[in-house]
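Structure, as structure tokens:
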Amino acid sequence: MTATPGGWRRSHTCGELRAAHVGQTVTLMGWAFRRRDHGGLIFVDLRDREGLTQCVFNPATSAEAHAGAQEVRAEFVLAVQGTVQRRPPGTENPKLPTGEVEVQVSQFRILNESKPLPFPLEDQTEVEEAVRLKYRYLDMRRPQVLRNFVIRDQVYRAVRDYLHAQGFLEVETPFLTRSTPEGARDFLVPSRLARGSFYALPQSPQLFKQLLMVAGFERYFQIVRCFRDEDLRKDRQPEFTQIDIETSFLDRDEFLPIVEGMLVEVWRRVRGITLPTPFPRLAYDEALARFGTDKPDLRFGLELVDCSDLFRGGQFQAFAQVVAGGGAVKGLRVPGGGPLSRKDLDGLVEAAKGAGAKGLVWVKVNPDGLQSPVTKFLEAVKQPLLARLAAEPGDVLLLVADQMPLAATVLGRLRQELAQRLNLVPPHEFRVCWVIDFPLVEWSEEERRWDAVHHPFTAPRDEDLPLLDTDPGRARAKAYDLVINGQEAAGGSIRIHQQAVQEKMFKLLGIAPQEARARFGFLLEALEFGAPPMGGIAAGLDRLVALLAGEESIREVIAFPKTQKGTCPLTDAPAPVDPGQLKDLGIRLVEEP
RNA sequence: GGGGUCGUGGUGCAGCCUGGUUAGCACACUGGACUGUCAAUCCAGAGGCCGCGGGUUCAAAUCCCGUCGACCCCGCCA
């Protein structure tokens, strides 16, 4: 076995030569990153996965090599043999780890040529994403892109090492499975052997991991692809990767520290950062009240403050009526927001309306008094209002009156947007928290029934169990989300492990017994054979890696991602198939009406 | 399904508002010069269906309509 025609073997990588190697004869293999031709002297920066090494082609060393190097172009694949030498004084490159030395080339081979590139491989140049994705294999040669996949690899390993050390068993579950109701749209796979029937790709291994608990595996995990046929975002792809975990015999407060330990280990190994534990916990109601969202970004303040009582029965009719009708007035203090122009403030009003509010009241706190479209209505509550929001001259106050949770969520969006705009978000900080005590169900107006907030297998809190019969909307679930910098990074729950409770839940959700039997009777049956108490979580691996890499979009940390329309510019998937394939499956295409 | 931004040589952009030269700049590319560069430099050159289709006009990269595509957002995502 030889690495190249002629029997050369790579002796070092392009990232490892140092002053200590001076005098050694080495063989490097890699890509010609850049060539600098001085006529009498040619420099080629040879790049491989590990780094960059300057190779010098000097006719005094080898006229043949020097002549050959003139043919070299960007991204030619080279094998280079020569002597490591210290660079002449004054020509060292402190920007390169290998910058103290260079390889004086005595002979080299062109292992392969390359066409001119469709785009430059420099890190700093911005190239349209569709072009990058069409030539993703070239894009990935950029050190910045490679770095993201090194981080991803470190995350895989940290997760596996940690969970294995904690006694978790790694198990694979099927991709070809059956469609389940609720949740996202399924990707369907037609069956040839059972014509007219379809597999569904899993939205998550939810049911299987519960079966593994019934099986007595006790601690399971899997780094697994999940599929959801919904519209894409920068943090959502049709196929994405979850760290899926399930445990037996642990209640929430025993389980969450295990997950915290995993996150701590990942952040420690990848970023050298020690996340403080335990992670703070926020009840869902509290998160909504203080931040106007169930995934609060804790890197900055701008907390929402309830001002409802200040306006109850007051002369500001618009607000007083909302409060009288059971709604709330939520306030947000924008410190130093004074410079916001009338146009900015009008923009905020529009944004609030766009988010569903009937309106937004802004108040400038000037040294000589309040300035607002509704100043005269505010005079009566001026002092308590300023005190409630801890306002100071130069601030801007934003007030939204509406039903809860709308009043809070509207202001929550403005909070996020203003933090961005006013540069209040520290760029290199990680703030992690748990959001717990989610509602179990919420009323769906359009379907006229209760919907599971998390999923139908989530257990209600024990003390809320009676509420299922009397006031389901007030029942809280044993569910939890892990939120990092305002992003949902993981979500899970303690499951229902008693068949009677599960059936009650289905009944509440309007899933008829026959339908439940038909759809996942196998799970209900399993629950009758001694199912242990169980609970787990699923973490979005792509989002974790993006956070660790400082990338905005998970596409930057997925090897071959899809565009926003779900296509792959590289393979041109999805694509029509051969009529014979359709015939095998018993599928006939119909024209759109 | 809806809203927004964008689409101009291989890449990144300018020109478009206010229609009228040979569509301009940088990088890449090709040829030449050059023995210490590292975003090498200098000289010369080639390269354009201005996304696509229609309309207005004497005349369209530019104005209008439609359409396709990329990205961001809303809806959607248990």
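Chain A is the first sequence line, chain B the second, and so forth, proteins listed ahead of strands; every chain is numbered from 1.
- Near RNA chain B, meaning a heavy atom under 4.0 Å from it, residues 564-571 of chain A has Gln564(A), Lys565(A), Thr567(A) in order of number.
- Within a 6.0 Å radius of CH2 in Trp434(A), more than 12 heavy atoms belonging to other residues, nucleotides or ligands are found.
- Phe520(A) has its ring centre less than 6.0 Å from the ring centre of Phe506(A).
- Every residue meeting the ring-ring contact (aromatic ring centres under 6.0 Å, His included) condition with Phe43(A), not counting sequence neighbours, appears here in chain and number order: His38(A).
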For nucleotides 24-32 of chain B, just jot down a letter per nucleotide in 5' to 3' order: B, S or -, based on protein non-hydrogen atoms under 4.0 Å.
------SS-

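- Distances were taken from every side-chain heavy atom of Thr563(A) (C-beta onward) to each of C73(B), C71(B), C38(B); the shortest belongs to C71(B).
- When each of Pro59(A) and Gly90(A) is assigned the nucleotide of RNA chain B bearing its nearest heavy atom, the one mapping closer to the 5' terminus is Pro59(A).
- In this structure, Phe227(A) has its ring center at least 6.0 angstrom away from the ring center of Phe240(A).
- Near RNA chain B, meaning a heavy atom under 4.0 Å from it, residues 132-148 of chain A has no residue at all.
- Atom CZ in Phe119(A) sits roughly 18 Å away from atom C1' in G9(B) (whole-Å rounding).
- Rounded to a whole Å, the CG atom of Asn93(A) is 10 Å from the C1' atom of U37(B).
- Taking atom C1' on both U21(B) and G3(B), the two are 40 Å apart, rounded to the nearest angstrom.
- Taking only side-chain atoms of Ala184(A), from C-beta outward, the nucleotide of C77(B), U35(B), G10(B) with the closest atom is C77(B).
- Listed for the Asp542(A) side chain is no donor-acceptor partner under 3.5 Å among the backbone atoms of Ile554(A).
- Nearest to the side-chain atoms of Arg555(A) among the listed nucleotides C72(B), C38(B), C34(B) stands C72(B).
- The nucleotide whose nearest atom lies closest to any side-chain atom of Phe43(A) is, among G75(B), C71(B), U37(B), U37(B).
- Distance, Arg87(A) CZ to A40(B) P: 13 Å, rounded to whole Å.
- Residue-level contact check: Asp229(A) touches neither bases nor backbone, having no heavy atom under 4.0 Å from any strand.
- Side-chain N or O atoms of Asp285(A) include none that pairs as donor or acceptor with a backbone N or O of Leu288(A) at under 3.5 Å.
- Picking from G36(B), C72(B), A40(B) the nucleotide with the shortest atom distance to the side chain of Lys234(A) gives C72(B).
- Scored by the ring-ring contact (aromatic ring centres under 6.0 Å, His included) test, His12(A) finds His21(A) as partners (sequence neighbours excluded).
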Within the sub-3.5 Å range, which N or O atoms of nucleotides 1-5 of chain B have a protein N or O partner, and how far apart are they?
from, atom 1, to, atom 2, distance (Å)
G1(B), O6, Asp231(A), OD2, 3.4

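- The residue among Glu92(A) and Glu230(A) whose nearest nucleotide of RNA chain B lies closer to the 5′ end is Glu92(A).
- Within the nucleic acid shown, Gln54(A) comes within 4.0 Å of at least one base atom, counting heavy atoms only.
- For the pair Glu552(A) (side chain) and Ala546(A) (backbone), a donor-acceptor distance under 3.5 Å is absent.
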